[in-house]
Protein chains: 2
Amino acid sequence: MTKSIEEIRDEFIEKIGLLMQSDGLPRTAGRVMGALVWEGSPVAFCDLATELQVSRGSISTATRALIDRRMIRRVTKPGDRQDYFQLAEKSYETMVEDLSLKFHRRSEELYATLDGVPECEPEIRERVRAYSETLESVAKKIGELAKEMV
Amino acid sequence: MTKSIEEIRDEFIEKIGLLMQSDGLPRTAGRVMGALVWEGSPVAFCDLATELQVSRGSISTATRALIDRRMIRRVTKPGDRQDYFQLAEKSYETMVEDLSLKFHRRSEELYATLDGVPECEPEIRERVRAYSETLESVAKKIGELAKEMV
DNA sequence: TCGTGAGTTCAGATAGTACTAAACGCACTT
DNA sequence: AAGTGCGTTTAGTACTATCTGAACTCACGA
């Protein structure tokens with residue numbers, strides 16, 4: 001017995017859910033993302049709730065989080081009062097850009113610590129600096145990739 | 001009133017704690033890491049507990065997690081029954097390598113989904129493939145960095 | 001061989017996050 | 001205006017992961 005297409009889809013959705021959860025988003029947001037990657041075309045708000053078996057409130061929260069991150073778009077259809085959602089164009093590029101930015105911000109945050117470390121502690125300064133620099137290098141590398149993807 | 005060196009240190013430790021927490025480690029593990037980056041030299045097990053104000057059980061769990069990730073090392077001193085911990089050599093390189101591996105594994109996991117998606121759904125296949133490929137590209141870029149750091 | 005001091009383990013307490021369901025506000029139709 | 005159908009907000013709940021503290025194991029020295 002091979003798996004049905006629905007089973008494959010659900011597994012995929014769960015995988016994306018877990019993947020994005022480990023990136024700090026609510027799992028439901030990840031599952032919404034998964035569903036939209038799978039479908040490709042716009043999916044209605046209420047269909048998301050029924051298919052993913054979560055409340056409308058959760059869908060509202062999840063879609064807002066994904067829109068904030070520019071991963072998905074809200075679209076409307078003339079004569080239809082429902083909201084629809086679909087993958088944003090360039091959503092993968094956005095994902096990579098955001099990742100780069102995340103490391104950049106972490107680097108900056110640590111770098112700021114250096115201001116408070118006195119000159120007479122050069123070894124501490126060096127270790128903090130190296131940490132910050134490692135993060136910045138990661139940010140730069142991922143940033144390169146983002147540019148290549150355009 | 002400028003901040004004392006202890007205040008700066010504690011802020012740094014908290015920052016690393018939050019940073020590593022967002023990478024999926026317990027916050028205490030991150031704080032231990034922060035303390036060891038700051039100190040540089042080996043720090044005694046019990047000193048970690050008192051300085052970070054957490055139980056010995058937490059220190060035990062946190063240090064094990066960090067040792068598993070090759071971020072720190074356990075060291076001993078002759079005639080001293082306590083365990084000491086210090087930053088692993090190449091801990092930053094290890095951090096970058098692990099990051100690369102993390103994306104690689106995610107990519108593989110998604111790629112495996114493709115086996116179940118029938119040929120008659122080329123658009124779904126393409127979207128899933130593109131997602132997996134994006135993750136693999138990130139893994140490769142970070143992997144490059146890891147090699148450059150050696 | 002018993003006592004001490006070290007780290008580990010585990011059961012229970014705690015905190016933080018995300019979910020549900022219901023109330024709500026808004027826009028469109030009648 | 002009133003009714004309907006939509007998404008949003010929020011109060012309460014449930015879950016999960018981490019922390020604590022006590023019991024435990026082990027190695028060493030008296």
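Letters go in sequence order (proteins before strands), and every chain restarts at 1.
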Any salt bridge linking B:D23 with A:R106? Criterion: basic side-chain nitrogen under 4.0 Å from a carboxylate oxygen.
yes
Rounded interatomic separation in angstrom, taking CD from B:Q21 and P from C:dG16
10 Å
Between D:dT16 and A:R27, is there an OP1 or OP2 to side-chain N/O distance shorter than 4.0 Å?
no
Considering only heavy side-chain atoms of A:R81, the closest of C:dA18, D:dT20, C:dA27 is C:dA27
Between P on D:dA17 and CE on B:M20, what's the gap in Å once rounded to a whole number?
19 Å
Rounded off to whole Å, could you give me the NZ-to-P distance for the B:K77 and C:dG7 pair?
13 Å
For A:S107 and A:L135, which heavy atoms make the closest approach, and how far apart are they?
CB-CB, 3.8 Å
Quick one: B:I59 CD1 to C:dC10 P, roughly how many Å, whole number?
19 Å
Using a strict heavy-atom distance below 4.0 Å, which residues from residues 35-54 of chain B are in contact with DNA chain D?
B:Q53, B:V54
B:Q82 CD to D:dA27 P, straight-line distance once rounded to whole Å:
18 Å
Residues B:K141 and A:E148 bridged, charged N to O under 4.0 Å
yes
Please confirm whether the backbone N or O of A:V128 pairs with a side-chain atom of A:S132, one donor and one acceptor, at under 3.5 Å?
no
Atom-pair distance (CG on B:D83; C1' on D:dC26), nearest Å
13 Å
Identify which nucleotide among D:dG21, D:dT9, C:dT20 has an atom closest to any side-chain atom of A:S55, counting heavy atoms from C-beta outward.
C:dT20
Should B:E126 and B:R129 count as an ion pair when the cut-off is N to O under 4.0 Å?
yes
A:T28 vs C:dA18: side-chain N/O to OP1/OP2 distance below 4.0 Å:
no
Looking only at C:dC19, C:dG7, D:dC19, the nucleotide nearest the B:R74 side chain is C:dG7
Minimum-distance nucleotide to A:R56 side chain [options: D:dT18, D:dT20, C:dA23]:
C:dA23
How close or far is atom P of D:dG5 from atom CG of A:D80, stated in whole angstroms?
13 Å
Scan A:T61 against the nucleic acid and name what it touches under 4.0 Å (heavy atoms): base, sugar-phosphate only, or nothing.
nothing
Rounded to whole Å, the CG-C1' distance (A:D68 to D:dT8) equals 14 Å
Check step by step if side-chain contact (heavy atoms from CB on, under 4.5 Å) holds for B:L66 and B:L25.
CA-CA 9 Å; B:L66 291 169; B:L25 278 112; 4.2 Å; yes
Verify same cluster id: B:L110, A:I5 (apolar side-chain graph, 4.5 Å)
yes
